[in-house]
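Data block below; observations after.
Note that the structure is a prediction, hence the values are computed from the model and not measured. Values below: every heavy atom of this structure, side chains too, minus hydrogens, waters and symmetry copies. Both ligands and their constituent atoms are indexed starting at 1 by order of listing.
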Amino acid sequence: MLTNLQINSRRLWDSLMDTAKFGGTDRGGIKRLTLTDEDKQVRDWFKAQCEALGCTVSVDEVGNMFATRPGRNANLPPIAMGSHLDTQPTGGKFDGILGVLAGLEVLRTLHEHEYETNAPIEVVNWTNEEGSRFPPAMLASGVFAGIFPPEYAYAQTDREGTTFLSELERIGYRGSMKSGDHQLSAMFELHIEQGPILEDEKKSIGIVTGVQGMRWYEINITGQDAHTGATPMYLRRNALLGAARIIEAVDAIGQQHQPGVATVGLIENKPNSRNVVPGEVFLTVDLRHPDETALDKMEAELRAALKTILPPLKLTYDEKKIWASAAVNFAPELIACVRSAAAKSGFPMRDMVSGAGHDAAYIARVAPTTMIFVPCEGGLSHNEAESTKPEECAAGAQVLLDAVLAYDQSLAGHT
Ligand code: HGY
Ligand code: MN
Ligand code: MN
């Protein structure tokens with residue numbers, strides 16, 4: 001039986017707007033890279049808000065935060081609502097943040113109505129979902145799911161050579177709890193869609209059935225620094241020219257394998273001087289597709305492109321795959337809870353697979369997991385102009401509350 005508890009839309013929106021000041025940019029976005037001072041500020045705020053509700057907040061060895069509200073049956077592992085508070089360098093106010101703050105709104109709603117659940121209910125802030133500062137993405141949920149050992153995360157460095165561990169310790173969020181020891185009954189992740197489908201179809205709720213496969217590569221291209229005035233064209237070994245042709249080839253791979261996507265997102269050109277023929281380029285490639293076989297083909301075509309394009313330009317290169325997250329399907333019993341919750345409120349909905357990666361993709365390997373999407377304006381995300389409406393956030397939070405309580409009721413009688 002579904003309850004009549006209603007989340008407080010105004011309170012949720014105020015929290016979203018208030019916390020946007022932690023790393024807020026003058027273009028209305030958020031720059032809150034993982035494990036920076038700004039990340040610490042929002043973590044401290046989140047911890048205080050949850051403790052004020054009587055929750056215990058525990059932190060694991062890679063900084064994942066678990067704010068737990070007790071339930072009737074302490075033997076049941078918590079039902080989690082999780083996402084991330086770190087952002088891209090030019091991030092928006094909602095990517096990840098909506099999922100954590102909507103979870104907080106659910107806790108606040110349960111608290112003010114003194115509603116007792118069967119299982120403990122918790123909100124999780126997963127460290128370094130973005131993978132922008134310390135690759136790969138979803139790093140700490142990956143440690144929790146046993147994909148990466150904690151030492152792998154600790155050793156990751158940003159482009160300045162600073163390690164994940166040194167920053168985790170510096171901001172005081174290296175917890176003592178072993179990551180992954182903390183069992184979960186389930187995890188629900190609310191997130192903006194970060195694409196245009198829901199808005200285009202005027203749907204309020206995305207019933208997310210899974211996440212597509214994703215792979216990241218790092219490529220170094222080596223030529224020779226030379227004088228732009230004195231070096232004839234036929235004698236050049238121009239690494240940036242090679243990079244330009246690889247960028248074109250990567251885009252062509254994405255075009256040919258739609259709905260797959262392919263992107264060069266990060267490039268470093270050295271020495272990056274206006275009168276030096278560039279001798280070295282570092283670039284990254286991001287390939288994604290719902291089907292792993294198609295991803296294999298895209299990967300093979302990337303490697304073939306490197307082999308055919310660079311040697312004729314007298315360039316050498318090295319390429320390494322630094323990350324692969326296989327396509328994942330979510331738990332049917334949780335998807336059913338989301339569907340019934342959306343139906344209860346009469347929200348128009350549609351099933352979909354996530355194009356973006358999320359912590360839920362890894363948590364699904366160790367606990368029943370699913371996601372809920374809400375639309376964002378123009379499908380824009382990873383952009384300071386990212387936005388959505390209070391009523392969209394409220395609809396997502398209401399469905400999150402009702403889905404969690406529906407699942408909690410299904411656990412009644414479980415010991
Ligand atoms: O890369 C992703 O899809 C996620 O935003 N980290
Ligand atoms: Mn996200
Ligand atoms: Mn993101």
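Checking only distances, Gln88 never comes within under 3.5 Å of ligand 1, N or O to N or O. Checked against a 3.5 angstrom limit, the closest N/O atoms of Glu129 and ligand 1 fall inside it.
A heavy-atom distance below 4.5 Å is not found between the side chains of Leu184 and Val366. The shortest side-chain heavy-atom distance between Leu104 and Leu53 falls under the 4.5 Å cut-off.
Residue contacts to the Mn ion (ligand 2): Asp95 brings an N, O or S atom closer than 2.8 Å. For the Mn ion (ligand 2), the N/O/S atoms of His191 include one lying under 2.8 Å.
Between Phe373 and His358, the gap from one ring centroid to the other is short of 6.0 Å.
Atom NZ of Lys47 sits in a sparse spot, with 12 or fewer heavy atoms from other residues, nucleotides or ligands closer than 6.0 Å.
In the vicinity of His382, heavy-atom distances shorter than 4.0 Å reach the ligand 1 atoms 5 (O). The Gly357 neighbourhood of ligand 1 comprises atoms 2 (C), 3 (O), 4 (C), with distances under 4.0 Å to a heavy atom of that residue. Per-residue contacts place Ala356 under 4.0 angstrom from the following atoms of ligand 1 (heavy atoms of the residue considered): 3 (O).
Considering just the N/O/S atoms of Glu130, the one nearest the Mn ion (ligand 3) carries the name OE2. Within His382, the N/O/S atom positioned nearest the Mn ion (ligand 3) carries the name NE2.
We find that Lys270 and Asp225 are not joined by a salt bridge, their nearest charged nitrogen and carboxylate oxygen being 4.0 Å or further apart. Salt-bridge check for Asp296 with Arg215: passed, with a basic side-chain N closer than 4.0 Å to an acidic carboxylate O.
A donor-acceptor contact under 3.5 angstrom links the side chains of Glu38 and Thr36, judged on distance only.
Residue contacts with ligand 1, taken as heavy atom pairs separated by less than 4.0 Å, involve Arg288 solely via side-chain atoms from C-beta onward.
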